[in-house]
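Model, not experiment: these values are computed from the prediction. Note that the numbering runs from 1 along the sequence shown for the chain.
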Amino acid sequence: MFIGGVKEKYPERLLDGRVGVEGNCVFSFWKDPNLYKEFNEINAEHFLTEDARFYFSLGKHLSKVYRVFDEVSVMSYLNDKDQIEEEFNRRGGYEAVYNPIEMINIQNVEQYVDILNRENIFLKLYDEGFNLLNDITINKRKINPLKFLRTRTAAEALQFYESRISDIGIRVKSNDMEISDLGIEDDFEEKLESGMLMGIPFDICGYSMTDDKEIWASPILSNISMGINKGELTLVGGFSGSGKTSLAFSNFVMPLVYRGEKVCITANEQRKIAWQILLIVFTLVHHFKYFNLTRKKVKSGTFTDKDREMIRKAKDYINKNYKNRIKFIKTFDYNVRDIVREQKRLHLNHGYSAFLYDTFKAEDASDLSAARGSMIEDSKALFQFASKYNVPQIITAQLATYMEKTSWVTSACLSSSKQVKEVCSEIFLMRKVVNEIELNPDTKQYMRPYRLKKINGKWTKDYFEIDYKAGGQFRIIFVDKTRNDEDSVAILYKYDGHINVWHEMGYCTPSRIDFLR
C-alpha cells in the first residue's frame, strides 16, 4: 500500500512495478546490513510504500545492533517495543521477510539501488513538469520517454534531461564525482607537512623484546615507494616458489600492524595454520631472538622443552599484540566481488584499515581470454574499494612460468593480464638469484651490488661483494612501477627461508639479457 497522497499525485504508469523495486532494495539491506553504511545516501523518504518504509527504518535501527538479521535477533530487538512489534506481526512477522531475503541475490544490490534512484528521478522530473508519458520524436523516430528510460540506468536518465540535472537532488551511485576549483587553499602547506601524501612506511616492523633494536623490513623499498599508499593498489609478484607470500607477510603486513593498522588477510591457497606458523616464527625470531624453531621444525611438531617454553612466550605475545589486529579469511574460490564485500564489512563495522589478497588470479582460468577480462575487472573492483575508502590494498600475483628465465623482470611476466598494471600504484616483482653467475665478479652477468653512501654531501655508489660459494638464497625485487620515484630499480635481498627473514642488502644491476635461457 502506498503512503497517503502518492496515488493521487502520480499517474499509475509512474508507479508501475514500484512495489517490487522497493522490496528488492529493502530486503537486500536486510540480507546484508552492512549495506546501510555502504549506501548511506538512501533513507526512508526514498520509498513510497508503507511496508518498505517500515522495514527499511526497522532494518536501519537493527543494523546498529546486529550484523545478521536472524529471527532471534529481530524478535529480541522487538521484545520491549510493543507498537513496532505489533506492526511487524501485522505484516506477517519474521516469515514475511524470511522468504524474500532468501530469494534476493545480493550481488545485484547496486542495480536494485540504481533502479530505485532512477524511479525517484522520474518522480522529480514529473514534479518539475517534464514530459515522461507522451511520445516524443527524436531523430525522426517516435519514442515514449518513460518506456525508453526504463531500459537505462539512473545516470543515463539524468543525462537524457541534462538541462535540468542541477535541479534534481538524487544522488546516483554510478555518477559520483567531486568538482572543485584548482586554487590553492590557505592550509595547503600544513596538509603536506602533515604527511597526507605519504604512504604507510614498511621500513621496520617493530622492536625486539630482547635488545630493543629495530626489526628491519624494507627500508630502501619503502623509501622508493614512499610507503604502502592508502587508496591505492600495490602488487607483489613472483614466480612460483620465490617466496612472494612470505615476503608480503613479514615485510608488508607486519610493518602495517606495527604502524597501528588493523590488517585483513584473504587467502585462497594457504590455510590458516600456514599463516599462524609464519606469525609464530616471526615472533620468535624477531622479538625473542630465538632461532631454533624453523618453519619446518614447527610443522613437524617435534619440540624440546625449551622450544615449548618459547612457543608459549610467543603465543602470549601474539595474543596480546597481534590477535585483534590481524584478521584471516580463507576463501575457496576466486570471486573477488565477494571478497570486496567482506572487506567492506570488516572496514565499516570493525575498523580494519589495510588489506592483503593472496593470491590474485582469475576465477576461471580455463579460457585465457575470459581470464584476462576477469582479472582486469577484478583488479578494478579491488582498486575501487581501496580508493573509495582510502585504504591500502596489497595483492600478490604469480608470474607466468614460461617467463621464469627472464633476467630483468617486468609486468610483461604477469600471468593472464598485463593490463592489471594500469590500476596499480606500485608493482614489485621478484625472482631468484643465480648465485654462481650473478654474484660472481668474473662473469658478464655480475649484478654489482651496491649501497648508497653520502660522501661530501653527495650520494655515491658503495659497491660490495658477496661470497657466491658460501651458498644462501638471494632474491631480486624489481620496482616495475611506482608513482613516487624512479621505476626500473632492482633491490637485492638475502632470504633465510627456514625462518622467513628477508635482509635488504642494497641495490643491484642485473643483466638485461635473458642469459638463463
Side-chain angles (χ1 to χ4, degrees), residues 1-29 35 38-53 56 100 103-182 337 369-370 373 376-377 380-381 384 387-388 422:
M1 181 184 296
F2 288 100
I3 60 175
V6 168
K7 296 186 74 172
E8 292 75 22
K9 184 177 181 180
Y10 297 111
E12 186 177 344
R13 286 175 60 195
L14 280 180
L15 302 175
D16 186 40
R18 182 83 193 194
V19 174
V21 169
E22 295 191 358
N24 286 341
C25 273
V26 169
F27 292 120
S28 292
F29 283 38
L35 296 173
E38 185 175 345
F39 295 96
N40 59 9
E41 72 275 14
I42 301 297
N43 59 58
E45 300 302 313
H46 286 79
F47 302 94
L48 299 184
T49 62
E50 291 181 357
D51 286 351
R53 285 195 175 186
F56 180 85
M103 294 173 63
I104 284 287
N105 186 341
I106 202 68
Q107 294 192 20
N108 295 327
V109 67
E110 292 192 4
Q111 287 86 347
Y112 295 150
V113 172
D114 190 74
I115 292 170
L116 177 69
N117 278 333
R118 185 193 67 198
E119 294 298 312
N120 283 334
I121 286 170
F122 294 159
L123 301 183
K124 290 287 186 179
L125 289 168
Y126 183 83
D127 290 340
E128 293 292 329
F130 283 84
N131 169 40
L132 286 138
L133 304 177
N134 299 321
D135 290 354
I136 59 175
T137 301
I138 298 179
N139 297 328
K140 298 182 180 180
R141 186 167 65 95
K142 273 192 173 184
I143 67 166
N144 180 271
L146 184 62
K147 185 177 180 181
F148 171 75
L149 291 175
R150 276 192 168 141
T151 65
R152 301 297 190 266
T153 66
E156 290 166 340
L158 282 175
Q159 292 160 8
F160 189 77
Y161 291 104
E162 64 179 355
S163 64
R164 299 302 298 270
I165 285 178
S166 60
D167 295 327
I168 300 171
I170 299 293
R171 177 192 171 197
V172 182
K173 186 158 187 68
S174 61
N175 203 34
D176 282 349
M177 59 182 68
E178 293 180 359
I179 301 173
S180 62
D181 297 323
L182 202 59
R337 302 290 167 171
S369 177
I376 293 169
E377 291 306 310
K380 287 179 180 177
Q384 286 165 359
S387 179
K388 178 176 179 178
E422 296 174 11

Do [X] and [Y] have side chains that approach each other closer than 4.5 Å (heavy atoms only, starting at C-beta)?
X: Leu146; Y: Tyr126; value: no
X: Phe39; Y: Glu110; value: yes
X: Leu35; Y: Val113; value: no

Which heavy atom of [X] sits nearest a heavy atom of [Y], and at what distance?
X: Phe47; Y: Arg53; value: O-NE, 2.6 Å
X: Arg118; Y: Thr151; value: NH1-N, 4.5 Å
X: Asn144; Y: Leu132; value: OD1-O, 3.8 Å
X: Gln107; Y: Gln111; value: O-OE1, 3.9 Å
X: Asp114; Y: Ala154; value: OD2-N, 3.0 Å
X: Arg13; Y: Arg150; value: O-NH1, 3.1 Å

Hey, what do you get for [atom1] ([X]) to [atom2] ([Y]), rounding to the nearest 0.5 Å?
X: Thr153; Y: Ile121; atom1: OG1; atom2: CD1; value: 8.5 Å
X: Phe148; Y: Asp135; atom1: CZ; atom2: CG; value: 13.0 Å
X: Phe56; Y: Ile42; atom1: CZ; atom2: CD1; value: 7.0 Å
X: Asn43; Y: Glu41; atom1: CG; atom2: CD; value: 9.5 Å
X: Leu133; Y: Phe122; atom1: CG; atom2: CZ; value: 10.5 Å

message: Tell me every residue that passes salt bridge (Lys or Arg N to Asp or Glu O under 4.0 Å) with Arg337, counting only those two or more places apart in sequence or in another chain.
response: none
task: Could I get the full list of salt bridge (Lys or Arg N to Asp or Glu O under 4.0 Å) partners for Glu12, not counting sequence neighbours?
output: none
- prompt: Side chains of Asp127 and Tyr10: do they bring a donor and an acceptor to under 3.5 Å?
  reply: yes
For residues 15-28, tabulate all N or O donor-acceptor pairs below 3.5 Å that involve a side-chain atom, not counting sequence neighbours.
from: Arg18; atom 1: NE; to: Glu22; atom 2: OE2; distance (Å): 2.7
from: Arg18; atom 1: NH1; to: Asn120; atom 2: OD1; distance (Å): 3.2
from: Arg18; atom 1: NH2; to: Glu22; atom 2: OE2; distance (Å): 3.2
from: Arg18; atom 1: NH2; to: His46; atom 2: O; distance (Å): 2.9
from: Arg18; atom 1: NH2; to: Asn120; atom 2: OD1; distance (Å): 2.7
from: Glu22; atom 1: OE1; to: Leu48; atom 2: N; distance (Å): 3.3
from: Glu22; atom 1: OE1; to: Thr49; atom 2: N; distance (Å): 3.1
from: Glu22; atom 1: OE1; to: Thr49; atom 2: OG1; distance (Å): 2.7
from: Glu22; atom 1: OE2; to: Leu48; atom 2: N; distance (Å): 2.6
from: Asn24; atom 1: ND2; to: Gly20; atom 2: O; distance (Å): 3.4
from: Ser28; atom 1: OG; to: Asn24; atom 2: O; distance (Å): 2.7

